[in-house]
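Position 1 is the first residue of the sequence; numbering continues from there. Only heavy atoms go into these numbers, but all of them, side chains included; no hydrogens, no water, no symmetry mates. Read the numbers this way: they start at 1 and go in the same order the structure lists the ligands and their atoms. The model shown is predicted, which means the values in this text are computed figures rather than measured ones.
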Amino acid sequence: MSGEELIRREVIENFTFPGKLVEEILYGSGHINDTFRLAFETEQGRKRYILQRMNKSIFHKPVELMENIVGVTSWLRKKILANGGDADRETLNIVLARDGRPYYLDSAGDYWRAYLFIEGASCYDKVEKREDFYQSAVAFGHFQGLLADYPAKTLHETIMNFHNTASRLDDFKAAVLRDTCGYAGDVQREIRFVLEREHLAYVLGEMQAEKKLPLRVTHNDTKLNNIMIDDKTGKAICVIDLDTVMPGLAVNDFGDSIRFGASTGDEDERDLAKVSCDMELFELYTKGFVEGCAGSLTDEELDMLPIGAMVMTYECGMRFLADHLDGDVYFKTHREGHNLDRCRTQFKLVADMEKKLSAMNAIVDKYRQRER
Ligand code: ADP
Ligand code: GN1
Ligand code: MG
């Protein structure tokens, strides 16, 4: 057994899983944590679970992070049950460690957590059925609604300045100056792209400071593959990946979904001719998100949805480029230049959104009228 397998044995023995372990596979396509799907044979049949090693170079306070997730999932569970829903499938459910904690610290110094596996539902890395994208919008909007009265002050900031785009711009500039791998000379065009659009880094933060955009409890990582869609009904049943639930801006949650799901190409597509913002998908998501938020979005928030899409895409591209310059230390990569490819798709999308801004505004106006 390798050292890695031995550690996993230790970890699995220290969670309250039932029965005999019969399957253990590396799972999912997240960029951050190491995720495994486990199956156990029990007297009641086969039971599956998700086991995750939390990324300690990204999450510096795993205990506080799990405190957030315990708080948010138990809050959601209560609301789902009160609405007559199935709380085992409509929110993440934590499996406790044998010592009663919601995590286990292994002998190598890594923190792990486990969830019930949500059966009969799937995550998608790309929109396969358009309806799924609409469903995900309703679910992310609704998620925000369920957490609208959550005591935001009790939430720990899991990553400081996570969607503070101005601070991301500072980090980016520092990465360019460090030029750890000596790549900066080769990516001058991409660096210029960022510097020519610095205004995008400030616009939302300024509105927030002027109280024109309210802080809400938001998800902050609203990728399509962070939502589970029921295989039978086609409804989005569960919002997952709750690591970044923190006070944030609704327009950022909207924007991150558009960045990932409304693109005609994959996030790491090399052929940039395939990458653009699909306006039909933009419209579907807008309709679903506005409906899912059920009248709670202010006029200013509605006004800024298209800019939110542009800012989140700009920010993400800048994060990918900074990570490329730093030598791929943050996002998982699977090939050389992976983060640079990702950065280029994001900037192609930003440029396309710039051309489509007035069309996006018109779409938002259409659904604003219906809401009011
Ligand atoms: P990361 O932060 O690395 O993105 P996620 O928490 O999003 O990690 O998990 C990675 C993938 O694992 C998800 O995209 C999803 O496919 C799967 N997954 C996570 N939690 C569950 C769950 N409770 N039930 C079923 N699949 C899950
Ligand atoms: C990461 O964890 P995952 O893969 O859902 C990242 C997001 C980025 C995204 C880009 C904690 O999301 O912020 O937008 O990659 N999560 C964290 O695909 O940094
Ligand atoms: Mg994820």
Considering only protein heavy atoms, which is closest to [atom], and at what distance to one decimal place?
atom: atom 24 (N) of ligand 1; value: I118 N, 2.9 Å
atom: atom 19 (C) of ligand 1; value: I240 CD1, 3.7 Å
atom: atom 21 (C) of ligand 1; value: I50 CG1, 3.4 Å
atom: atom 10 (C) of ligand 1; value: T35 OG1, 3.7 Å
atom: atom 2 (O) of ligand 2; value: I32 CG1, 3.1 Å
atom: atom 1 (P) of ligand 1; value: D241 OD2, 3.5 Å
atom: atom 11 (C) of ligand 1; value: G28 CA, 3.9 Å
atom: atom 5 (P) of ligand 1; value: Q52 NE2, 3.4 Å
atom: atom 15 (C) of ligand 1; value: C123 SG, 3.5 Å

May I ask which of R319, E267, H163 has a heavy atom nearer to atom 13 (O) of ligand 2 than the others do?
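Checking each option, the heavy atom nearest atom 13 (O) of ligand 2 is found in R319.
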
Nearest non-hydrogen atom to atom 23 (N) of ligand 1 belongs to which of L116, L51, D34?
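Heavy atom nearest to atom 23 (N) of ligand 1 belongs to L116.
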
Under a 4.0 Å heavy-atom limit, does R37 contact ligand 1 with its side chain, its backbone, both, or neither?
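The answer is neither.
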
Please work out whether any backbone atom (N, CA, C, O) or any side-chain heavy atom from C-beta onward of N226 is under 4.0 Å from ligand 1, and answer side chain, backbone, both or neither.
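Side chain only.
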
Compute both the distance and the angle, then confirm whether R197 meets the cation-pi test with F193: under 6.0 Å from the six-membered ring centre, within 45 degrees of the axis.
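So R197 does make the cation-pi contact.
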
Please confirm whether R113 makes a cation-pi placement over Y103, using NZ or CZ under 6.0 Å from the six-membered ring centre and within 45° of the ring normal.
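Relative to the ring axis of Y103, which defines the angle, R113 lies outside at least one limit.
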
For ligand 1 and I32, I'd like to know whether there is a polar contact (N/O to N/O, distance under 3.5 Å).
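N/O-N/O distance under 3.5 Å: yes.
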
Would you check the N or O atoms of R113, main chain and side chain alike, for any that come under 3.5 Å of an N or O of ligand 1?
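No - when backbone and side-chain N and O of R113 are compared with those of ligand 1, no distance drops under 3.5 Å.
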
Within the distance-only criterion (no hydrogens, no angle test), does the side chain of [X] pair as donor or acceptor with the backbone N or O of [Y] below 3.5 angstrom?
X: H338; Y: H334; result: yes
X: D110; Y: R53; result: no
X: S263; Y: R259; result: no

Contact check, side chains of [X] and [Y], non-hydrogen atoms, under 4.5 Å:
X: I240; Y: I118; value: yes
X: F133; Y: F282; value: no
X: V245; Y: F143; value: yes
X: E301; Y: K212; value: no
X: L321; Y: N339; value: no

Distance under 4.0 Å to a non-hydrogen atom of [X]: what atoms of ligand 1 satisfy this?
X: Y27; answer: 12 (O), 17 (C)
X: L92; answer: 23 (N)
X: N225; answer: 13 (C), 14 (O)

Check the side chains of [Y] and [X] for a donor-acceptor pair under 3.5 angstrom, ignoring hydrogens and angles.
X: Q52; Y: Y115; answer: no
X: E64; Y: T158; answer: no
X: S122; Y: D231; answer: yes

Which ligand 2 atoms does [X] reach within 4.0 Å, using its non-hydrogen atoms?
X: K223; answer: 3 (P), 4 (O), 5 (O), 9 (C), 10 (C), 12 (O), 15 (O), 18 (O)
X: G30; answer: 4 (O)
X: N226; answer: 5 (O)

If we only consider heavy atoms of F162, is any one of them less than 4.0 Å away from an atom in ligand 2?
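The answer is yes, since F162 has a heavy atom less than 4.0 Å from ligand 2.
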
Contact between D221 and ligand 2, counting heavy atoms under 4.0 Å?
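Contact present.
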
Checking Y134 against E291 for the side-chain hydrogen bond (donor to acceptor under 3.5 Å, both in side chains) test, could you report, in this order, the C-alpha distance in whole Å, the side-chain angles of both residues, the deciding distance, and whether it holds?
CA-CA 10 Å; Y134 166 75; E291 285 170 11; 2.4 Å; yes

Side chain, backbone, both or neither: [X] near ligand 2, heavy atoms under 4.0 Å:
X: D241; result: side chain
X: Y330; result: side chain
X: R259; result: side chain
X: H31; result: both
X: N220; result: neither
X: R342; result: neither

Salt bridge or not for R342 and D323, using N-O below 4.0 Å?
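Salt bridge absent between R342 and D323.
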
Under 2.8 Å from the Mg ion (ligand 3), can any N, O or S atom of N226 be found?
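It does; at least one qualifying atom falls short of 2.8 Å.
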
For the Mg ion (ligand 3), which N, O or S atom of D241 is at the shortest distance?
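Going by distance to the Mg ion (ligand 3), the closest N, O or S atom in D241 is OD2.
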
Under a single-linkage definition using a 4.5 Å side-chain heavy-atom cutoff for Ile, Leu, Val, Met, Phe, Trp and Tyr, are V311 and L195 assigned to the same hydrophobic cluster?
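Linked, V311 and L195 end up in one cluster.
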
Set out, in order, the CA-CA distance, both residues' side-chain angles and the distance that settles salt bridge (charged side-chain N to carboxylate O under 4.0 Å, His left out) for R46 and E41, then state yes or no.
CA-CA 5 Å; R46 189 173 270 234; E41 215 54 76; 3.6 Å; yes

How many angstroms lie between atom OG1 of T345 and atom CD of E269, to the nearest 0.5 angstrom?
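T345 atom OG1 to E269 atom CD measures 8.5 Å (nearest 0.5 Å).
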
